[in-house]
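Residue numbers run from 1 in the order of the sequence given.
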Amino acid sequence: MNCGELRQKIYLFLYGELTRDELEAIYKHLADCHHCEQEKILIGKILETLKNGLGDEPAPQRIRERLFQSLDA
C-alpha cells in the first residue's frame, strides 16, 4: 500500500469497515510512514471532535488549517 491508497481508505479504516487484508496493509504502511500516521491521528481527532460536537468552542486554528490542507491535497 502507498500513501495515495491509504488516503482513499482512511475513513473506512477509522470507521472499522475494512477487510482483514486491508487492515494489515494499512497497519504495515502506518508503521513505515510517519506522515500517514500523523494524518491518521489528525483525521481521527477531527472525527472524534465532530462526533462529540464542538459546543460553543471553535476548532483550534491548527486543526482547521490542517483540515483545509488535507482537503486541498
Side-chain angles (χ1 to χ4, degrees):
M1 174 167 291
N2 61 41
C3 296
E5 292 168 332
L6 184 128
R7 283 189 199 104
Q8 291 177 357
K9 296 184 181 223
I10 193 71
Y11 291 99
L12 295 173
F13 171 76
L14 292 169
Y15 284 115
E17 299 181 10
L18 295 176
T19 66
R20 173 181 261 169
D21 290 341
E22 290 170 318
L23 286 173
E24 287 178 14
I26 285 179
Y27 281 120
K28 184 175 187 291
H29 181 81
L30 291 174
D32 296 333
C33 183
H34 178 73
H35 177 75
C36 285
E37 174 64 21
Q38 291 302 307
E39 189 168 337
K40 178 203 63 119
I41 291 169
L42 176 64
I43 292 170
K45 287 179 182 179
I46 291 168
L47 292 176
E48 186 67 25
T49 299
L50 292 173
K51 179 179 163 186
N52 293 329
L54 292 174
D56 295 331
E57 184 177 330
Q61 180 67 26
R62 186 181 110 252
I63 291 177
R64 289 196 311 266
E65 289 172 1
R66 297 272 314 263
L67 172 64
F68 290 124
Q69 288 172 354
S70 293
L71 292 174
D72 288 340

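Distance check: Y15 OH to L47 CG gives 4.5 Å after rounding to the nearest 0.5 Å. Of the inter-residue distances, the one linking L6 atom CG with K28 atom NZ reads 13.0 Å to the nearest 0.5 angstrom.
Using a 4.5 Å cut-off on side-chain heavy atoms (C-beta onward), K9 and I26 make contact.
Minimum interatomic distance between L14 and G44 (heavy atoms only, all atoms of both residues): CD1-N, 4.0 Å. In terms of heavy atoms, L12 sits closest to L18 at CB-CD2, 3.6 Å. Residue M1 comes nearest to E5 through the heavy atom pair CA-OE1, 3.0 Å, listed as atom of the first residue, atom of the second, then distance. Nearest heavy atoms, T19 versus E22: N-OE1, 2.8 Å.
There is no path of hydrophobic side-chain contacts, each under 4.5 Å, that joins L30 to L42. No single ILVMFWY cluster, assembled from side-chain heavy atoms under 4.5 Å apart, contains both L23 and I41.
Between K40 and E37 there is a salt bridge, since a side-chain N of the basic residue sits under 4.0 Å from a carboxylate O of the acidic one.
Every side-chain hydrogen bond (donor to acceptor under 3.5 Å, both in side chains) that E48 has, sequence neighbours left out, goes to N52.
For residues 24-51, the set of pairs meeting the ring-ring contact (aromatic ring centres under 6.0 Å, His included) definition, not counting sequence neighbours, comprises F13-Y27.
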